[in-house]
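Beneath this line is the structure, given in structure tokens, with notes to follow.
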Amino acid sequence: MTQPDDGNATEDRGPQHAAPGPGGSFGEEAAEMTENTEVEAGAEGGDPAAASTPAEQQDRPAEGGEHASEALDVDPLQAAHDEVAVLKAELGERTLDLQRLQAEFLNYKRRVDRDRDLVKENATYAALSPITEVLDTIDRAREHEELTGGFKSVVEQLERTVAQAGLVRFGTPGDAFDPSLHEALSHIGEDPDVEVTTCKVIAKAGYRIGDRVVRAAQVLVVDPAGS
């Protein structure tokens with residue numbers, strides 16, 4: 001027995017079993033649906049680069065743009081002036097250091113020279129001080145005219161030698177009395193020819209080395225008249 005054809009069977013199948021429309025296919029519809037899904041994903045927080053347009057990407061500032069603009073704002077001439085100022089300050093400091101070192105060296109050199117002269121003077125003083133007694137004996141012999149012959153030549157050579165060594169004789173009659181140079185043994189009255197206390201007689205000559213008195217001259221003095 002054959003069943004009768006149901007005319008409504010085809011209508012009940014629904015759109016899922018509908019045939020593709022004219023000029024289309026199932027592959028094209030699937031591609032379109034996939035493209036729409038990717039666009040929606042980008043708009044909902046997907047890849048920002050995929051969602052942005054080329055114009056928006058061009059307007060976006062490049063990374064480090066602020067630092068680059070600051071670097072361009074620096075004036076090369078001003079930077080050079082600042083560097084020169086720093087170098088001048090350092091040069092001034094080094095110059096002051098050099099001047100201090102030079103002053104310290106000069107002071108040191110003066111001290112060394114002064115000490116060297118003092119050592120030399122002390123050595124000369126120690127060597128020549130005893131000779132003053134010999135020179136006193138020579139003076140007494142000269143007063144008695146006992147310097148003759150070869151002895152006279154020896155005496156003159158000795159006096160030249162001690163003079164070259166720095167021993168200087170001082171004290172002659174008529175010198176104004178100076179307590180720092182003369183030792184007054186006695187006053188022998190007044191003299192109308194003098195205006196100040198004067199050395200009248202030299203008992204022993206004085207000697208000095210430079211400004212240092214080795215021995216004061218021993219003298220007899222006279223005072224001005226009416227003093």
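In what follows, residues are counted from 1 in the order of the sequence shown.
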Checklist entry - Got a second to check how far Leu220's CG is from Phe177's CZ, nearest 0.5 Å? => result 11.0 Å

Checklist entry - Do Arg111 and Asp115 pass the salt bridge (Lys or Arg N to Asp or Glu O under 4.0 Å) test, and can you show the C-alpha distance, the side-chain angles, and the key distance before you say yes or no? => result CA-CA 6 Å; Arg111 289 195 301 270; Asp115 294 343; over 6 Å; no

Next on the checklist: Taking Val155 as the starting point, is it possible to reach Val162 by hopping between hydrophobic residues whose side chains are less than 4.5 Å apart?
Outcome noted: yes

Item to check | Student check: side-chain heavy atoms of Val221 and Ile188 closer than 4.5 Å | outcome: no

For residues 128-138, which side-chain N or O atoms pair as donor and acceptor with protein atoms under 3.5 Å away, sequence neighbours left out?
residue: Ser129; atom: OG; partner: Tyr125; partner atom: O; Å: 2.5
residue: Thr132; atom: OG1; partner: Ser129; partner atom: O; Å: 2.7
residue: Asp136; atom: OD1; partner: Arg215; partner atom: NH2; Å: 2.8
residue: Asp136; atom: OD2; partner: Arg215; partner atom: NH1; Å: 2.4
residue: Asp136; atom: OD2; partner: Arg215; partner atom: NH2; Å: 3.2
residue: Thr137; atom: OG1; partner: Glu133; partner atom: O; Å: 3.2
residue: Thr137; atom: OG1; partner: Arg140; partner atom: NH2; Å: 3.4

Checklist entry - Mind checking whether Val219 and Val168 sit in one hydrophobic cluster, side chains of I, L, V, M, F, W, Y counted as touching below 4.5 Å? => result no

Checklist outcome for this item: In short, salt bridge (charged side-chain N to carboxylate O under 4.0 Å, His left out) pairs touching residues 148-165 with sequence neighbours left out are Arg142-Glu159

Checklist outcome for this item: Contacts satisfying side chain to side chain donor-acceptor pair (under 3.5 Å) that involve residues 171-187 (not counting sequence neighbours) are Thr172-Asp175, Asp178-Ser180

Show me, pair by pair, the donor-acceptor contacts under 3.5 angstrom made by side chains of residues 200-213, not counting sequence neighbours?
residue: Lys200; atom: NZ; partner: Asp191; partner atom: OD2; Å: 3.3
residue: Tyr207; atom: OH; partner: Arg169; partner atom: NH1; Å: 3.4
residue: Arg212; atom: NH1; partner: Asn122; partner atom: OD1; Å: 2.7

Checklist entry - Taking atom CD of Glu83 as the centre, does the number of heavy atoms from other residues, nucleotides or ligands within less than 6.0 Å exceed 12? => result no

Checklist entry - Which heavy-atom pair separates Ala141 from Leu147 by the least distance, and what is that distance? => result CB-CD2, 4.0 Å

Checklist entry - Under the salt bridge (charged side-chain N to carboxylate O under 4.0 Å, His left out) test, which residues partner Lys88, sequence neighbours left out? => result none

Checklist entry - Looking at Lys120 and Asp117, does any basic side-chain N land under 4.0 Å from a carboxylate oxygen? => result no

Item to check | Nearest non-hydrogen partners of Pro192 and Ala225, listed with the distance | outcome: CA-CB, 3.9 Å

Item to check | Smallest separation among heavy atoms of Phe170 and Ala216, with atom names | outcome: CZ-CA, 4.4 Å

Show the atom names and distances, to 0.1 Å, of all donor-acceptor pairs under 3.5 Å that link a side chain in residues 94-106 to residues at least two apart or in another chain.
residue: Thr95; atom: OG1; partner: Leu91; partner atom: O; Å: 2.7
residue: Asp97; atom: OD1; partner: Arg100; partner atom: NH2; Å: 2.1

